[in-house]
Amino acid sequence: MSAAEQLNMVTILASPRIVTCCALHQPCCCLQDIFRRYPNQYESIIAQLCDNLESLDEPEAKASMIWIIGEYADRIDNADELLETFLETFPEETSMVQLQLLTATVKLFLKKPTDSVQRMIQLVLSAATNETDNPDLRDRAYVYWRLLSTDPEAAKDVVLANKPVITDDSSQLEPVLLKALMEQISSLASVYHKPADTFVSRQRLAVQTTFKPVQRNIGSHQHLQASVYACMCDAVAKGGRRLAASRG
């Protein structure tokens, strides 16, 4: 499905007639990836999503929507009001949502340093550093706080840096290579995008190949125990017969 088709589906699901928390959950997550893949495009859907924030109750959907608001804060007139609705439940939110709220609020402050946004950033940084047990959230808040207090321009370079565009290289693989990788998906071949015989020595492959049949020919552990027991019984019987013959 192309990005335009996905966007059309999101538009339909976000319509007031059928909008529900379940209907908007996955589209919000997909829309974040679409904006990462096609930056500065398909922005017309943002206003429609912002009108249905109360329908979001899944952490993944909330985090995706908060990312979108922070990323396009300079183009959303009421971005501060939208983020403030999420900040009301900041302590009760999951760590995923809290991290996105922290970063989105910092982005908003760097793009729109108004008095109201300045109060918001102070509240968020205070809550993230003093009222949480999450070390990731606390450490990120301290980094943002020090950047904003010492060098706001450096903070812009860090927080507002251009992000790498999401790319898909699955179509760039040759069909034969893709089939080989799918057969070895549980090995390092799926990580290196190379067949195993290109980075594992042939001697090691030969040892592994010859070792597996030996393991199969051994049989089960119970069968091996029974064979040993039978041999022991036979040896005891032979010894008994020899002893009886010697006494006779």
>> With a 6.0 Å cut-off (strictly less than), is the heavy-atom count around CG of N78, excluding the residue itself, greater than 12?
In response: yes
> Sequence neighbours excluded, which residues qualify as ring pair (Phe, Tyr, Trp, His ring centres under 6.0 Å) partners of F86?
Replying inline: none
> How many angstroms lie between atom CG of D33 and atom CH2 of W67, to the nearest 0.5 angstrom?
Replying inline: 8.5 Å
>> Looking at D115, I want to see if its CG is surrounded by more than 12 non-hydrogen atoms of other residues, nucleotides or ligands under 6.0 Å.
In response: no
> Within a strict 4.5 Å, meaning less than it, do heavy atoms of the L137 and S95 side chains meet?
Replying inline: no
> With no hydrogens and no angle check, is any side-chain donor or acceptor of Q32 less than 3.5 Å from a backbone partner on I68?
Replying inline: no
>> Under the rule for salt bridge (charged side-chain N to carboxylate O under 4.0 Å, His left out), what residues qualify as partners of R119, not counting sequence neighbours?
In response: none
> If you draw a 6.0 Å radius around NZ in K112, do more than 12 non-hydrogen atoms from other residues or ligands fall strictly inside?
Replying inline: yes
>> Once side chain to side chain donor-acceptor pair (under 3.5 Å) is applied, do any residues pair with T150, and if so which ones, sequence neighbours excluded?
In response: none
> Just by distance, do the side chain of T198 and the backbone of K194 share a donor-acceptor pair under 3.5 Å?
Replying inline: no
> With sequence neighbours left out, what residues match R75 under side chain to side chain donor-acceptor pair (under 3.5 Å)?
Replying inline: N40, E43
> Looking at CD of E183 and CG of L181, how far apart are the two atoms once the value is rounded to the nearest 0.5 Å?
Replying inline: 9.5 Å
> Would one find more than 12 heavy atoms of other residues, nucleotides or ligands at under 6.0 Å from atom NZ of K163?
Replying inline: yes
> Does any non-hydrogen side-chain atom of L123 lie less than 4.5 Å from one of S126?
Replying inline: no
>> Can you give me the closest heavy-atom contact between A128 and A141, atom names plus distance?
In response: CB-CB, 3.5 Å
>> Can you give me the closest heavy-atom contact between P135 and D133, atom names plus distance?
In response: CD-O, 3.2 Å
> Of the non-hydrogen atoms in D80 and S116, which two are nearest, and what is the gap between them?
Replying inline: OD2-OG, 3.7 Å
> How long is the span from the CD1 atom in I66 to the CG atom in L82, to the nearest 0.5 Å?
Replying inline: 10.5 Å
> Do you know which of L148, L147, L110 makes side-chain contact (heavy atoms from CB on, under 4.5 Å) with K156?
Replying inline: L110
>> Working note: W145 + Q122, criterion side chain to side chain contact (heavy atoms under 4.5 Å, CB included); need CA distance, chi angles, decisive distance, verdict.
In response: CA-CA 9 Å; W145 205 330; Q122 290 175 348; over 6 Å; no
>> Quick check: closest heavy atoms across L87 and M120, and the distance to 0.1 Å?
In response: CD1-CE, 3.5 Å
> Between atom CD of Q184 and atom OG of S187, what is the distance when rounded to the nearest 0.5 Å?
Replying inline: 5.0 Å
> Which atom names give the shortest non-hydrogen contact between A73 and A79, and what distance separates them?
Replying inline: O-CB, 3.9 Å
Donor-acceptor pairs under 3.5 angstrom involving side-chain atoms of residues 96-109: please list them, not counting sequence neighbours.
residue : atom : partner : partner atom : Å
Q98     : NE2  : F90     : O            : 2.8
Q98     : NE2  : E93     : O            : 3.4
T103    : OG1  : L99     : O            : 3.2
T103    : OG1  : R140    : NH1          : 3.1
T103    : OG1  : Y144    : OH           : 3.2
T105    : OG1  : L101    : O            : 2.6
K107    : NZ   : E71     : OE1          : 2.8

> Can L160 and K111 be said to form a side chain to side chain contact (heavy atoms under 4.5 Å, CB included), step by step?
Replying inline: CA-CA 9 Å; L160 303 181; K111 295 177 180 180; 3.7 Å; yes
> Listed by chain and number, what are the ring pair (Phe, Tyr, Trp, His ring centres under 6.0 Å) partners of Y142, not counting sequence neighbours?
Replying inline: none
